Protein chains: 2
Amino acid sequence: MKDSGKRVQSKRKIILDAAVQVFSTKGYHNTRMEEIATVAGIGKGTIYEYFDSKLQLFQAMMESSLQIYYNRIDMPKLETLTLEERLSVLFESHITFCRENKDLTRIVFWDTEIWDEDLKDWTYNLRNEKEEKLTGIIQDSIERGEIRNVDAKLLTLLIIGSLGSLWVPITLDDWDISPADMAAQLTDIIMKGIRK
Amino acid sequence: MKDSGKRVQSKRKIILDAAVQVFSTKGYHNTRMEEIATVAGIGKGTIYEYFDSKLQLFQAMMESSLQIYYNRIDMPKLETLTLEERLSVLFESHITFCRENKDLTRIVFWDTEIWDEDLKDWTYNLRNEKEEKLTGIIQDSIERGEIRNVDAKLLTLLIIGSLGSLWVPITLDDWDISPADMAAQLTDIIMKGIRK
DNA sequence: ATAAACTGACCGACCGGTTGGTCGGGTTAT
DNA sequence: ATAACCCGACCAACCGGTCGGTCAGTTTAT
């Protein structure tokens with residue numbers, strides 16, 4: 001495997017870019033080395049001049065992608081900044097990054113396989129239905145004057161998103177906080193954040 | 001494919017349970033039908049008496065898993081409940097569900113493949129590092145008296161989680177709200193939620 | 001009562017399609 | 001000239017799905 005020299009680096013880059021494109025739309029297992037080669041405009045064998053194996057190519061791609069993402073959303077280290085300023089920078093850089101790197105974003109946040117179209121639709125509809133219901137409930141609360149005027153869809157994503165990240169520590173069981181307390185604190189933060 | 005009768009249903013259940021176990025630890029493509037059969041304590045051929053194919057078995061498992069999850073976290077429909085009460089129920093039922101169904105949770109929220117151990121560790125450490133940094137910043141803010149006393153780790157998950165769910169509408173580009181506005185609203189909600 | 005016939009759930013050795021990776025020979029650049 | 005680079009036909013391993021055979025349990029015939 002070659003790994004240094006200007007020419008070599010540029011060819012590696014071409015292959016990595018093609019890999020991002022194909023892996024991100026087809027998932028790891030449904031991607032054929034042949035296809036990456038075609039997209040890169042080279043022969044299959046050439047890939048093996050620059051990367052040892054399919055897995056190693058995938059890992060190299062993930063590493064560079066994640067490195068780019070995490071460098072980008074790195075929060076300013078300046079001690080003088082308030083938490084509010086830092087959060088604002090975090091959200092904005094994340095959102096901008098996602099807009100500018102759609103393929104890459106799809107891998108970083110959705111490394112799943114693309115199963116069958118039917119299952120995809122079924123899953124998507126089920127989740128959408130729930131999200132829309134929550135958005136509706138929020139919208140009602142705004143109209144009834146229970147909470148202040150916020151973007152209901154955005155708030156829905158904030159809530160649904162937090163559910164998605166909670167499962168890791170929950171299933172690991174290495175947290176002293178009780179489910180009831182967790183729920184109470186989260187509800188409290190969000191309610192204080194949106195109450196009139 | 002058999003599909004009715006008490007005996008048939010119980011055997012289907014045995015196979016589905018084994019499928020949850022194996023698929024959730026190995027991912028779809030790394031799971032061998034042979035292994036599901038072994039875990040279920042039956043022969044490989046028998047699975048094909050109850051399910052048409054590997055994909056169909058996976059889909060049946062996902063459908064039943066997601067159905068169980070979504071039924072469980074369904075928000076109370078009672079009109080009399082406030083948003084606060086509903087959110088509280090949502091969080092608590094989600095957390096309890098995750099605790100009680102760890103294998104199943106892993107599939108629903110992390111349907112990814114299990115790549116190589118090295119990449120897993122690398123990714124995990126990178127994310128952890130960022131999370132810990134954010135938790136540290138939050139902890140500092142609490143100690144400096146900038147915000148009220150909340151569980152820093154819980155707040156970190158709330159924030160990181162919301163990032164994870166934002167990418168879908170962002171990359172779809174079908175939202176009239178600007179990145180700056182999105183970031184501002186999210187920051188505003190969270191800051192109002194945690195300010196003293 | 002019981003032997004014979006029948007049923008279908010169950011099994012696992014085997015088949016064949018798929019695809020990651022190789023390698024011998026061709027092409028390009030200097 | 002020759003070294004570096006590139007290629008794609010080919011190989012071999014892997015694994016989803018098949019199918020002929022087994023056997024436990026049930027019904028039928030005597």
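Reminder, nothing fancy here: chain letters follow the sequence lines and each chain counts from 1. Remember, it's a predicted structure, so these values are computed and weren't measured experimentally.
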Practice task
Grab the CZ-P distance between R12(B) and dC10(C) for me, whole Å please.
Solution key: 13 Å

Handout entry: Charged N-O contact under 4.0 Å between R144(A) and D140(A)
Key = no

Problem - N or O in side chain of Y50(A) less than 4.0 angstrom from dC5(D) OP1/OP2 - result: no

Handout entry: Interatomic distance where CD belongs to Q56(A) and P belongs to dG21(C) [whole Å]
Key = 10 Å

Problem - NZ or CZ of K54(A) within 45° of Y28(A) ring axis and under 6.0 Å - result: yes

Practice task
In whole angstrom, give the distance that lies between atom CD1 of I36(B) and atom C1' of dC15(D).
Solution key: 13 Å

Problem - Value in whole Å for how far the C1' atom of dG21(D) lies from CD of E49(B) - result: 13 Å

Exercise for the section: Among V39(A), D103(A), N30(A), find the one that has a side-chain contact (heavy atoms from CB on, under 4.5 Å) with V22(A). Expected result: V39(A)

Fill in the blank from the handout: Y48(A) has its side chain closest, among dG20(C), dT18(D), dC7(D), to dG20(C)

Problem - Separation of atom CZ in F51(A) from atom P in dG20(C), rounded to whole Å - result: 16 Å

Handout entry: Distance, rounded to the nearest Å, where I47(A) contributes CD1 and dG21(C) contributes C1'
Key = 11 Å

Handout entry: Nearest-angstrom distance from the residue atom CD of E35(B) to C1' of dC14(D)
Key = 15 Å

Exercise for the section: May I have the distance from E34(B) (atom CD) to dC14(D) (atom P), rounded to whole angstrom? Expected result: 14 Å

Taking N or O atoms only and anything under 3.5 Å, show me the protein contacts with nucleotides 17-19 of chain C, one pair per line.
{"from": "dT19(C)", "atom 1": "OP1", "to": "R32(A)", "atom 2": "NE", "distance (Å)": "2.9"}
{"from": "dT19(C)", "atom 1": "OP1", "to": "R32(A)", "atom 2": "NH2", "distance (Å)": "2.9"}

Practice task
Before accepting this row, confirm whether a basic side-chain N of the pair R195(A)/D188(A) lies closer than 4.0 Å to the acidic partner's carboxylate O.
Solution key: no

Handout entry: Salt bridge R127(A)-E132(A), side-chain N to carboxylate O under 4.0 Å
Key = no

Handout entry: Salt-bridge present (K26(A), E35(A); N to O < 4.0 Å)
Key = yes

